[in-house]
Asker: 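Here it is, the structure in full.
Every chain is numbered from 1, with letters handed out A, B, ... down the list of sequences.
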Number of protein chains: 2
Amino acid sequence: MNNRLEEIRKKRGIKQEELAKALEVSRQTIGSLENGRYNPSILLAFKIARFFGMSIEEIFIYEEENNV
Amino acid sequence: MNNRLEEIRKKRGIKQEELAKALEVSRQTIGSLENGRYNPSILLAFKIARFFGMSIEEIFIYEEENNV
DNA sequence: CCCAAATGGAAAGTACACTTTACATTGTTG
DNA sequence: CAACAATGTAAAGTGTACTTTCCATTTGGG
């Protein structure tokens with residue numbers, strides 16, 4: 001899964017640490033999401049979407065992962 | 001998090017097992033989601049939404065969980 | 001240039017999504 | 001009622017999301 005987190009966060013002019021605090025997760029979690037080290041839980045995805053006033057689908061891009 | 005999985009699945013007239021096979025997860029996973037034993041991963045949420053031709057937000061209802 | 005702020009990322013531990021196996025319960029339907 | 005289909009659910013194991021701690025690298029402003 002890809003995501004537009006870094007792009008969207010920078011457009012809002014906020015730091016990873018500020019976003020992390022707002023979402024009540026660690027800064028490393030934000031960094032890991034932005035750099036694709038892992039995917040968010042659905043709860044975190046909802047928090048992120050709500051924070052930015054967007055839908056999950058606008059932020060996280062699912063393209064038929066062929067990982068079997 | 002609540003979800004409308006059971007409702008939507010029944011409206012389509014398909015069995016838990018059929019849905020499970022289509023999504024490539026176990027039948028128990030579907031049952032557990034329908035009965036709220038746990039939340040789906042975001043990948044599974046995307047698969048479910050895509051399967052039903054709906055958005056994640058239409059199926060999974062996030063209401064500011066106050067679980068801290 | 002220099003320092004500090006911002007970010008990248010590894011390591012070890014915890015929580016939970018998901019699997020397989022197994023069994024019990026609840027409807028049908030013959 | 002008998003027998004089978006559909007669902008509920010528990011237990012134990014695995015993978016991964018997320019945490020805390022720690023250090024390295026990058027970047028911008030004085």
Side-chain angles (χ1 to χ4, degrees):
Chain A
M1 235 199 27
N2 295 336
N3 70 70
R4 308 201 298 123
L5 242 196
E6 182 172 13
E7 170 199 347
I8 295 169
R9 175 180 61 79
K10 287 188 170 167
K11 205 171 291 177
R12 305 286 174 117
I14 71 179
K15 298 164 198 162
Q16 286 188 348
E17 191 154 12
E18 294 170 337
L19 179 56
K21 190 163 291 183
L23 301 174
E24 298 178 295
V25 295
S26 69
R27 175 181 68 80
Q28 284 74 359
T29 293
I30 302 299
S32 294
L33 294 179
E34 290 191 352
N35 291 292
R37 278 189 289 281
Y38 50 71
N39 297 323
S41 70
I42 193 171
L43 287 182
L44 181 50
F46 265 111
K47 280 188 182 182
I48 292 172
R50 182 156 300 185
F51 179 83
F52 287 120
M54 304 171 69
S55 70
I56 290 181
E57 285 87 351
E58 286 173 315
I59 302 175
F60 298 95
I61 315 299
Y62 174 69
E63 350 90 338
E64 216 68 31
E65 247 93 300
N66 29 300
N67 41 1
V68 177
Chain B
M1 235 200 25
N2 295 337
N3 70 70
R4 309 200 298 124
L5 241 195
E6 182 172 13
E7 170 199 346
I8 295 170
R9 175 180 60 80
K10 288 188 170 165
K11 205 171 292 176
R12 304 286 173 116
I14 71 179
K15 298 164 198 160
Q16 286 188 348
E17 191 155 10
E18 295 170 337
L19 180 56
K21 190 163 291 182
L23 301 175
E24 299 177 292
V25 295
S26 69
R27 173 181 68 80
Q28 285 74 359
T29 293
I30 302 299
S32 294
L33 294 180
E34 291 191 352
N35 290 293
R37 278 189 288 283
Y38 50 71
N39 296 324
S41 70
I42 193 171
L43 287 182
L44 181 51
F46 265 111
K47 280 189 183 184
I48 292 172
R50 182 156 302 185
F51 180 83
F52 287 119
M54 303 171 69
S55 71
I56 290 181
E57 285 87 350
E58 287 173 316
I59 302 175
F60 298 95
I61 315 299
Y62 175 70
E63 350 91 336
E64 216 66 32
E65 247 94 299
N66 30 298
N67 42 1
V68 177

Asker: Nearest heavy-atom pair of B:N39 and B:L33: which atoms, and what distance?
Answerer: C-CD2, 3.8 Å
Asker: Is A:K21 salt-bridged to A:E17, going by a charged N under 4.0 Å from an acidic O?
Answerer: no
Asker: Could you report the tightest heavy-atom contact between A:R4 and A:E58, atom names first, then the distance?
Answerer: NE-O, 3.2 Å
Asker: On DNA chain D, does the nearest nucleotide to B:S32 precede the nearest nucleotide to B:K15 from the 5' side, or the other way round? Give the residue.
Answerer: B:K15
Asker: After noting the C-alpha distance and the side-chain angles of A:M1 and B:F46, does the key distance pass the side-chain contact (heavy atoms from CB on, under 4.5 Å) rule?
Answerer: CA-CA 10 Å; A:M1 235 199 27; B:F46 265 111; 3.6 Å; yes
Asker: Is any side-chain heavy atom of B:I30 less than 4.5 Å from a side-chain heavy atom of B:L23?
Answerer: yes
Asker: Sort me out a list of protein N/O and nucleotides 20-24 of chain D N/O pairs below 3.5 Å, or just none if empty.
Answerer:
from: D:dT21; atom 1: O4; to: A:Q28; atom 2: NE2; distance (Å): 3.1
from: D:dC22; atom 1: N4; to: A:Q28; atom 2: NE2; distance (Å): 3.1

Asker: What is the distance, to the nearest angstrom, from the CD1 atom on A:I14 to the P atom on C:dA5?
Answerer: 19 Å
Asker: Output the rounded distance in Å from CD (A:Q16) to C1' (D:dT27).
Answerer: 14 Å
Asker: May I have the distance from A:E17 (atom CD) to C:dG8 (atom C1'), rounded to whole angstrom?
Answerer: 14 Å
Asker: Can you find a side chain N or O atom of B:S41 that sits less than 4.0 Å from OP1 or OP2 on D:dA17?
Answerer: no
Asker: Nearest whole Å is fine: how far is D:dC18 P from A:K47 NZ?
Answerer: 10 Å
Asker: Grab the CG-C1' distance between B:L33 and C:dC18 for me, whole Å please.
Answerer: 9 Å
Asker: In whole angstrom, give the distance that lies between atom CG of A:L44 and atom P of D:dC18.
Answerer: 5 Å
Asker: If you define the side chain from C-beta out and look only at heavy atoms, does anything of B:I42 sit under 4.5 Å from A:I56?
Answerer: yes
Asker: For B:E6, is there an ion pair with B:K10 - N to carboxylate O distance below 4.0 angstrom?
Answerer: yes
Asker: Output a table of nitrogen or oxygen pairs between the protein and nucleotides 27-30 of chain C separated by less than 3.5 Å.
Answerer:
none

Asker: Measure from CD on B:E6 to C1' on D:dG8 and round the result to the nearest Å.
Answerer: 11 Å
Asker: Search all heavy atoms of B:I61 against all heavy atoms of B:E57 and return the closest pair with its distance.
Answerer: CD1-O, 4.0 Å
Asker: Rounded to the nearest 0.5 Å, how far apart are CD1 of B:I48 and CG of B:L43?
Answerer: 11.0 Å
Asker: Compare every heavy atom of B:R9 with every heavy atom of B:L19, then report the nearest pair and how far apart it is.
Answerer: CD2-CD, 3.9 Å
Asker: Grab the CZ-P distance between B:R37 and C:dA17 for me, whole Å please.
Answerer: 12 Å
Asker: What verdict does the side-chain contact (heavy atoms from CB on, under 4.5 Å) test give for B:K47 and A:Y62, after you've listed the backbone C-alpha separation in whole Å, the side-chain angles of each residue and the deciding distance to 0.1 Å?
Answerer: CA-CA 9 Å; B:K47 280 189 183 184; A:Y62 174 69; 3.3 Å; yes
Asker: Provide a list of protein-nucleic acid N or O atom pairs under 3.5 angstrom, restricted to nucleotides 12-16 of chain C.
Answerer:
none

